[in-house]
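To find a chain, count down the sequence lines: A is the first, B the second, and so on, and within it residues start at 1. These numbers were taken from a predicted model, which means no experiment stands behind them.
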Amino acid sequence: MGTEEHKDKMSRRDFLRKSMRLTILLGVGGLAGSLLSKSMAGKMVWQIDTKKCTQCGRCTTECIKKPSAVKCFHAYDMCGYCDLCGGYFRPGVKDLTTAAENQLCPTSAITRKFIEEPFFEYDIDADLCIGCGKCVKGCGAFGNGSLQLQIDQSICDNCNECAITRACPSQAISRVESTEPYLMLGLRDDITWKNKS
Amino acid sequence: MRKVKNIAIIFLLAIMAWQTTDVAAINRFPKPEFESGHTQPATVTPAPRAVFMEYLDVAVLIAALSLITWFILKKRSRKGVFWMSVFAILYFGFYREGCICSIGAIQNVALALFNEGYYIPVTAILFFVIPILYTLFFGRTFCAGVCPLGALQDIIAFKPMPVKAWLEKVLGIIPYIYLGLAVLYAATGTDFIICRYDPFVGFYRLDASFFMFVIGALFLLIGVFIARPYCRFLCPYGVILGLVSRFSFKHMTITPAECINCKLCEKSCPYGAINMPVPEKEKEKTEVLVKRYILLGILVPVLVFAGGLLLSSFHENLAMVNSKVKLASEILNNTNYGVVGREAIEITAFKSTGQSVEELYSEAANIVDQFYMGSWFLGGFIGLVFGLTLIGLTVFKFHTDYSPNKATCHSCARCMGYCPVKPEKK
């Protein structure tokens with residue numbers, strides 16, 4: 001009698017275990033199925049919307065990458081090649097030379113190259129750039145806004161939740177499709193940059 | 001004639017309207033036309049990591065899980081588990097820099113379930129689901145040496161000390177609370193707290209804030225003496241895997257054949273996850289049992305309700321983590337984020353968006369409402385966990401052999417080496 005009871009108990013336990021297993025399997029399957037219906041096979045990456053960015057400077061400090069994955073990008077197509085560049089020189093600078101004290105960039109990441117009178121070309125050394133956005137602010141205030149902050153996708157770790165997003169006061173960072181990972185102006189062919197003339 | 005003129009004017013206006021959309025695109029300083037024949041360089045935009053590489057990660061996950069399961073269940077090899085741990089640290093840890101990870105995927109899943117506008121990547125779903133499936137079939141082999149966080153802690157557990165059973169039970173409730181909080185914050189689109197407070201990711205990235213570096217170092221230091229402190233007393237994914245593992249189809253065993261109760265494996269488990277044989281207890285009186293279960297039956301719903309009530313009274317404090325709620329509160333109270341002398345960056349940025357304060361308030365109120373509902377659920381959930389833990393303590397579990405506790409066993413395979421029993425020859 002006693003052994004029979006014992007056996008009976010074991011089989012009941014087995015039954016419960018089996019049904020639990022099936023429940024979990026169905027639950028996980030259902031969850032995965034419902035999620036798959038609203039998922040995407042492609043990849044989403046983080047990017048800054050330059051129209052929303054206010055160049056607060058937090059990209060430098062909040063990114064988990066040091067130096068930040070946010071870099072200044074130069075849309076040459078929009079650049080006026082100015083001698084007095086608002087992105088290169090400190091405001092109120094005395095003479096327009098490449099002397100360190102004249103430069104706005106804290107890491108001297110912008111090089112100024114003479115092209116022809118009176119035009120200068122500005123290039124950014126991405127290795128030196130820390131994404132502080134000082135030049136972007138200067139260029140946007142006085143110039144054409146050809147300097148823009150963007151997340152360099154070859155550096156970005158594509159974190160689950162971008163650490164800068166949480167700190168960004170302008171909510172300028174969002175997920176974009178990896179097939180078109182840059183949101184800066186002056187890149188795409190369908191927006192043609194016209195001169196004022 | 002007038003009609004034609006009107007049409008012409010409308011047409012002209014349309015062109016002008018189209019023109020004005022392009023106003024932002026007109027440069028203050030025209031782009032020069034170079035006489036020296038200088039060609040303008042192209043803007044370099046480095047491409048992101050290829051999509052197929054993400055699927056490679058999934059393939060590596062499946063391969064690693066299969067291999068480690070084979071090492072544990074078939075080969076009964078601790079050495080295999082160790083080298084798989086090293087691989088996980090190198091690949092998922094240092095190479096992938098702790099991202100993508102199954103623990104963090106909980107938040108993607110929660111956000112996708114509660115947020116219509118969020119499209120979850122397929123790889124995040126797979127990283128969430130695949131280890132659960134493996135656990136359902138083979139126990140927590142993922143924890144053993146595929147999870148980079150677990151692998152790291154497992155390797156540095158040099159001098160593990162037993163933790164008192166009552167302390168283990170009490171601390172064991174923390175992961176449930178952490179899981180609940182993580183889901184609440186992810187579902188409201190507030191924050192991914194598991195990722196933010198991941199103690200080891202800074203180690204893998206060789207870069208962390210000072211605060212997180214100290215936390216990570218503390219965990220590693222404690223981990224030398226108390227094995228896997230994060231896995232046992234914090235990991236929210238471990239909660240899910242622990243629950244699933246209870247019903248695992250084929251869990252690892254300490255002995256390859258019949259247990260001979262030699263007690264050699266007794267102290268081998270660094271996690272205190274071995275069920276010891278217990279002497280048969282004298283059966284309690286039915287009245288005592290009935291009384292106790294009636295009491296517990298009343299206590300659990302009371303705990304659930306009390307938990308919900310308690311936490312919902314703090315829902316505004318919980319909601320303050322949300323940046324939008326915080327912004328609304330700062331503007332409402334005119335506190336300027338505690339910044340003196342100038343306007344806070346957040347407020348300047350908000351003004352530049354052109355959104356009205358009323359809109360912001362209604363959005364924030366909406367989020368606070370979500371937190372009110374969420375905190376009821378979270379509080380109830382925590383109450384339930386407390387209640388079920390109490391019930392679990394009163395249930396007498398009878399064991400005749402030494403066997404792994406399926407829920408807390410991390411399948412590290414250490415105990416197997418202590419077993420003198422040889423597998424039966426077929």
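- Heavy-atom pairs under 4.5 Å with chain B were tallied for K65(A), K52(A), K71(A), Q150(A); the largest tally goes to K65(A).
- With a 4.5 angstrom heavy-atom cutoff, S36(B) touches chain A via backbone and side-chain atoms both.
- In this structure, Y197(B) and F211(B) have perpendicular ring planes: the angle between them is above 60°, well past the 30° mark.
- Of the residues listed (C53(A), C132(A), C59(A), C129(A)), the one engaging V70(A) in a side chain to side chain contact (heavy atoms under 4.5 Å, CB included) is C59(A), and it is the only one.
- Counting heavy-atom pairs closer than 4.5 Å to chain A, the top-ranked of the candidates S323(B), A47(B), C195(B), P121(B) is A47(B).
- Taking the ring centroids of F203(B) and F94(B), they lie under the 6.0 Å cut-off.
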TODO: Determine, step by step, whether D57(B) and R49(B) satisfy the salt bridge (charged side-chain N to carboxylate O under 4.0 Å, His left out) criterion, reporting the C-alpha distance in whole Å, the side-chain angles of both residues, the deciding distance to 0.1 Å, and the verdict.
DONE: CA-CA 12 Å; D57(B) 289 342; R49(B) 194 166 179 261; 3.4 Å; yes
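- Heavy-atom distances place the side chain of D152(A), and not its backbone, under 4.5 Å from chain B.
- Contact annotation for V109(B): both backbone and side-chain heavy atoms come within less than 4.5 Å of a heavy atom of chain A.
- In this pair, F137(B) and F249(B) present their aromatic rings perpendicular. The plane angle is above 60°, beyond the 30 to 60° band.
- At least one side-chain heavy atom of P131(B) sits under 4.5 Å from a side-chain heavy atom of Y237(B).
- When heavy atoms are compared at a cutoff of 4.5 Å, I100(B) does not approach chain A at all.
- The aromatic ring centres of F120(A) and Y81(A) sit 6.0 Å or more apart.
- Contacts between A124(B) and chain A at a heavy-atom distance below 4.5 Å are absent for every atom of the residue.
- Side chains of D123(A) and Y76(A): a donor on one and an acceptor on the other come within 3.5 Å.
- Proximity to chain A (any heavy atom under 4.5 Å) is shown, for A186(B), by neither the backbone nor the side chain.
- Between H38(B) and F34(B), the ring planes are perpendicular. Angles over 60° get that label, and only those under 30° would be called parallel.
- When each of A112(B), A50(B), A105(B) is checked for heavy-atom pairs under 4.5 Å with chain A, A112(B) comes out on top.
- The most heavy-atom pairs under 4.5 Å with chain B, out of I24(A), T179(A), T54(A), come from I24(A).
- Interface check for chain A: of the options L327(B), D191(B), T123(B), the most heavy-atom pairs under 4.5 Å are formed by D191(B).
- Of the listed residues H74(A), M44(A), R58(A), the one with more heavy-atom pairs under 4.5 angstrom with chain B than any other is R58(A).
- For L133(B), the part sitting under 4.5 Å from any heavy atom of chain A is the side chain, from C-beta outward, and nothing else.
- Put simply, of V51(B), I125(B), L113(B), the one with the most heavy-atom pairs under 4.5 Å next to chain A is I125(B).
- Residues L36(A) and V122(B) form a side-chain contact, since some pair of their non-hydrogen atoms from C-beta on lies under 4.5 Å apart.
- Counting heavy atoms from C-beta on, the side chains of R175(A) and Y119(B) never come closer than 4.5 Å.
- Of the atoms belonging to F119(A), it is side-chain heavy atoms, and not backbone ones, that fall under 4.5 Å from chain B.
- Contacts of N115(B) with chain A are made by backbone atoms alone, with heavy-atom separations under 4.5 Å and no side-chain atom involved.
- Taking V28(A), L16(A), V45(A), I64(A) one by one and counting their heavy-atom pairs under 4.5 Å with chain B, the maximum is reached by I64(A).
- For G242(B) against R140(B), the heavy-atom pair with the smallest separation is CA-NH1, 4.0 Å.
- Looking at F128(B), the atoms closer than 4.5 Å to chain A (heavy atoms on both sides) all sit in the side chain, from C-beta outward.
- When ring centroids are compared, Y182(A) and F73(A) come within the 6.0 Å threshold.
- Counting heavy-atom pairs closer than 4.5 Å to chain A, the top-ranked of the candidates S248(B), S209(B), G98(B) is S248(B).
- With chain A as the partner, the residue from N108(B), T348(B), T353(B), V129(B) showing the most heavy-atom pairs under 4.5 Å is N108(B).
- With respect to the salt-bridge test (charged N to carboxylate O, under 4.0 angstrom), the residues D14(A) and R21(A) do not qualify.
- Counting heavy-atom pairs closer than 4.5 Å to chain B, the top residue among R17(A), R166(A), K66(A) is R166(A).
- Only the side chain of L31(A) comes within less than 4.5 Å of a heavy atom in chain B; its backbone stays farther off.
- With respect to the salt-bridge test (charged N to carboxylate O, under 4.0 angstrom), the residues E346(B) and K326(B) do not qualify.
- Per-residue heavy-atom pair counts under 4.5 Å with chain B were compared for K18(A), Q171(A), K43(A), and the maximum is reached by K43(A).
- For chain A, the nearby parts of Q40(B) are the backbone and the side chain; heavy atoms of each come within less than 4.5 Å.
- With a 4.5 angstrom heavy-atom cutoff, C159(A) touches chain B via backbone and side-chain atoms both.
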